[in-house]
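In what follows, every chain begins at residue 1, and chains take the letters A, B, ... in the order their sequences are listed.
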Amino acid sequence: MPRMVILDGNSLANRAFYALPPLTTADGRPTNVLHGFLTMLFRLEQEQHPDYWVVAFDKTKATVRIEQYAGYKAQRKETPEGLRPQFDYLKEILTEMDVPMLELAGYEADDLIAAITKQAEAQGMEIQIYTGDKDALQLISPRTTVFLTKKGISEVEPYDETALWERYQLRPHQIIDLKGLMGDTSDNIPGVPGIGEKTALKLLWEFETVEGVLANVDKVSGKKVQSNLKEYTDQAILSKKLATMLTEVPIGFSCDDFVHRRSIAAKVLPVLQKYDLKSVTRLWQERHKDDEEIPGGSPEEVLENWPERVLTEEEWLMQIEQWQSKNIPLTLACRYEGTGLQGGRWLEWGVAAQGETFTLIREEASEKVCEAWLQLMGSERVPKTLADSKTVALLLANEGISLKRSVLDLSLASYLIQSSRPKFAPLDLVKEYFPTQPAFRNVAEEAAALAQVAPKFEKEIHFLGLARLLHEVEEPLSLVLAQVERHGIGIDSEQLKVFGEGISLTLRELEQEIYALAEETFNINSPKQLGTILFEKLGLPTAKKTKTGYSTDAETLEELRNAHPVVAKILDYRQLNKLMSTYVNGLLAQAKEGRIHTTFQQTVTTTGRLSSTEPNLQNIPIRLEQGRQLRKVFHPTEPGWVLLSADYSQIELRILAHYSQDPLLCESFSLGQDVHTRTAAEVFGISLNEVTSDMRRSAKAVNFGLVYGLTEFGLSRDLGIPRKESKFYIEQYFKRYGGVKRYLEDVVTQAKKEGQVRTLLNRLRRIPELLHSNRVKRQFGERIAMNTPVQGTAADIMKLAMLKVAEGLAPYRAAMLLQVHDELLLQVAPEDLEKVAHMLKDKMENAFTLSVPMTVECKVGTNWYDMQPFKPID
DNA sequence: GGTTTCACG
DNA sequence: ACGTACGTGAAACCC
């Protein structure tokens, strides 16, 4: 269970101030609070290992409570002279330590603590609250323990429900009643005059709550107490209200906000030194003695630690020779013009090596130096650390050099560590460890900064067991992808234009017909305007709604197809318009010299898949014939060559079979059966030859759903059947395929325990959603837990296959053109077709050994539309 | 810049 | 009573 530690900054600082002698810096600034607070902080960090932590502070001025009761805290002493500045010092230090802090105008630390506790409880965390304020005892629960400071500050006493009972014989919720009766002078909660702790406890043991006491006031023993209770009834109720911590504070936090990070020496030590905190420094160093020292942080420091050396031509040549001959590891940064892919041309290289940095400027360097430099880049033996090796490989390819031995790609490393991060540019990577790093002023500084964080990434990669995936899969794959992107696929722009003209014509006709049927012109592409026409003007029945209005998606319109003749026209229009804008126009804009080059994104998806952009060639139409025609314009770049495709058959279900070891599912694949037909036979309890095409369709939907984290809703929507029916299918399925059921349950249980899932190649995905307080989001987390190992393993296997295929292609006249998740598209000279197809099928089927066979189906054609099955001879 | 829709696996 | 199938990217609209 993840542990959240919450500290009451104000309360603890106050305790420390009064508990410790008045320590100061050499120049007289008070520091005793810093000593006390940090000593306690380090101690709890070491003993409790929080996964999340946060320090809450009051943001005084007009608090919400002052509106409730004018006297509240009116008598609280002014913050003493020696304490006030220490809050600023403390916040400065905590900032450098990367300890999250929270304060909110108008609220006290108390209320923030209550609100955080409530949320953390809902997310299934264990909570520890550190404070000197007994009010917090009201938050105790089976998951929440309150640590009250004892005597000084560095010693604390834990209170859980049992401890609270032993001490007061009260339940946590009665703490506010206690305060309601006895009051609290420090907070100026009035309570009831004449009632102190002892009387209050006695009353509560008997009558449980303030309300209980007041209702039974006549039974209360003690005349004075009784009369005071009667006289100050309202004050008692108000006091209880004042003592109640507000949980309805407008804060929302995500786990990431409060995640516990190890602090960094380069940031922490200087600030501790600034306040002469010698013993605290020793404590910190003791605790972090295993961390390697990373110097620097600010740009000045980076360059100070990696001073830049300016070289003459002679010196450059010698330096390069030295790096080359001694295989010196280099960390690189690059500036270039154009894009990596098209017309990309390097302008400057920043190099960090052996504690020095260098800048190579194309405009200033001699040809000889550039030549030697490029040789070095192509050298097998010189290890290189960089961010985004694919782009660098493309830039070098433009110079006729192939990048060799990129030992560490920090972008890919960071992606494997946390696939959900939005960006992996050099600055983002450096900011992981130096959050205050501003934009790099030059390439040398960038290289130096990368060199400083590289060991951190390497350590983390090893710690998480991702080294092989990084070095043996992702990094080499980036170089293969660079080749694939650079090669591009052939595209016939003329044919595409003709295709577009045909579509345009139909589109214009449809447009007029739609206007006529609607009896007005409007923007068909605007869901808003379309909704108005359909649901208001024409009065069609509304079914689904979106955030902003009526839904007009294809599913909704399909329902209304027969309700009005315009609907079918709109559906047609939509389809053709999509083809026109996204595909015809989109692709034409990207086509150059008869080719089109996509960019594969290797650090985007959370599952490990690739994605494809500008243009996306992984979503070229195929399902509907009209769109499928578009594939005719894709062809080999070499005349006479053919396209060769190979796709994994049912790879995700095979992986599910492998993971679950379900006997029926495994058998189905071992026997080479049609898995959907077999599933139908099992679910409907009939023999294989009795399965109708409708039954097979249903079974297919079930199989698909399984991989996504099956839901009744999803299946019923997909098949257009009632929920009851989909529920029945699912029940029947799990009755027959108990192994699958067990596996899916186990993977979710495991994921909840660990907060993450892994693929067969150890790829990791963290699933914070599993801890979300919102049930819908939590269930989403559960489906992610079911889907990611399957989808991610399929991605892993395809990546392995691509590496092997790329290697296997070397002797042949052939090239890899595209990857579409479970399909590879190649082009081959006809004379090599048989051998390449054989190699391709073999490498893909044997890329990784599962407990069920993998099968790959090849097709051949002169364009991407006319693809015919092709079975290589064994 | 967010929302909706729709193309793919 | 909720509001859902998993993973993407691009175009268009609209604020």
Is the ring pair F634(A)/W864(A) parallel, tilted or perpendicular, if the boundaries are 30 and 60 degrees? perpendicular

Between R574(A) and dC6(B), does any side-chain N or O lie under 4.0 Å from OP1 or OP2? yes

Taking the same atom, P, in dT4(C) and in dT3(B), what whole-Å distance lies between them? 13 Å

Under 4.0 Å between any heavy atoms, over every strand shown, what does R765(A) touch: base, sugar-phosphate, or nothing? Just pick one. sugar-phosphate

Sugar-phosphate, base or nothing in reach of N585(A), heavy atoms under 4.0 Å: nothing

Categorize R717(A) for me: base, sugar-phosphate, or nothing, with a 4.0 angstrom heavy-atom threshold over every strand shown. sugar-phosphate

Counting only side-chain nitrogens and oxygens, does T552(A) get under 4.0 Å of the OP1 or OP2 atom of dT4(B)? no

Charged N to carboxylate O below 4.0 Å: is that the case for R763(A) and E474(A)? yes

Between dT4(B) and dC2(C), how far apart are the two C1' atoms, rounded to whole Å? 23 Å

By the Watson-Crick or G-U definition, both distances under 3.5 Å, dA1(C) is matched with none

Identify whether any heavy atom of K547(A) sits under 4.0 Å from a base atom; if not, whether one sits that close to sugar-phosphate; answer base, sugar-phosphate or nothing. sugar-phosphate

Does T606(A) reach a base, just sugar-phosphate, or nothing at all? Heavy atoms under 4.0 Å. sugar-phosphate

Expressed as a whole number of angstroms, how long is the span from L825(A):CG to dG9(B):C1'? 15 Å

Hey, does A795(A) reach any base, or is it just sugar-phosphate, or nothing, if we go heavy atoms under 4.0 Å? nothing

Take atom CG of D647(A) and atom C1' of dC8(B), then tell me their distance rounded to the nearest Å. 13 Å

I'd like the 5' and 3' limits of the part of DNA chain C contacted by chain A, with heavy-atom contacts below 4.0 Å. dC2(C) to dC15(C)

Give one of base, sugar-phosphate or nothing for Q529(A), where a contact means two heavy atoms less than 4.0 Å apart. sugar-phosphate

Using a 4.0 Å heavy-atom cut-off across all strands, classify T711(A) as base, sugar-phosphate, or nothing. base

Partner of K390(A) under side-chain hydrogen bond (donor to acceptor under 3.5 Å, both in side chains), chosen from E485(A), E475(A), Q601(A), Q483(A): E485(A)

Which part of the nucleic acid, if any, lies within reach of L715(A) when heavy atoms closer than 4.0 Å are counted: base, sugar-phosphate only, or nothing? base

Report yes if a side-chain nitrogen or oxygen of S551(A) is closer than 4.0 Å to either non-bridging phosphate oxygen (OP1 or OP2) of dT4(B); otherwise report no. no

Hey, is CD on E845(A) packed in by over 12 heavy atoms from elsewhere, all under 6.0 Å? yes

dT4(B) P sits how many Å from N577(A) CG, rounded? 19 Å

Step through the shown structure and confirm whether more than 12 heavy atoms of other residues, nucleotides or ligands are within 6.0 Å of NZ on K544(A). yes

Just call it for A701(A): base, sugar-phosphate, or nothing, with non-hydrogen atoms closer than 4.0 Å on any strand. base

Counting distance only, does the side-chain N/O of E520(A) pair as donor-acceptor with the main-chain N or O of Y515(A) below 3.5 Å? no

Between dC6(B) (C1') and Y573(A) (OH): distance, integer Å: 14 Å

Side-chain N or O of R609(A) versus OP1/OP2 of dC8(B): is the shortest distance under 4.0 Å? no

Base, sugar-phosphate, or nothing: which does N616(A) touch, judged by heavy atoms less than 4.0 Å apart? sugar-phosphate

Just call it for E823(A): base, sugar-phosphate, or nothing, with non-hydrogen atoms closer than 4.0 Å on any strand. nothing

Taking salt bridge (charged side-chain N to carboxylate O under 4.0 Å, His left out) as the definition, give me every residue that meets it alongside E712(A), ordered by chain and number, with sequence neighbours left out. R723(A)

Counting any heavy atom closer than 4.0 Å, what does F780(A) reach on the DNA or RNA strands: base, sugar-phosphate only, or nothing? sugar-phosphate

Length of the CG-P vector between L534(A) and dT5(B), whole Å: 12 Å

How about Y729(A) and F684(A): are their ring centroids closer than 6.0 Å? yes

In whole Å, what is the span from the CD atom of E555(A) to the C1' atom of dA7(B)? 16 Å

Integer angstrom distance from the P of dA5(C) to that of dT5(B): 13 Å

Rounded distance (Å) that lies between atom C1' of dC8(B) and atom CD of Q791(A): 12 Å

When we call it a touch if two heavy atoms are under 4.0 Å apart, what does V707(A) touch: a base, just sugar-phosphate, or nothing? nothing

Quick one: I622(A) CD1 to dC6(B) P, roughly how many Å, whole number? 20 Å

Counting only heavy atoms not in K545(A), do more than 12 sit closer than 6.0 Å to its NZ atom? no

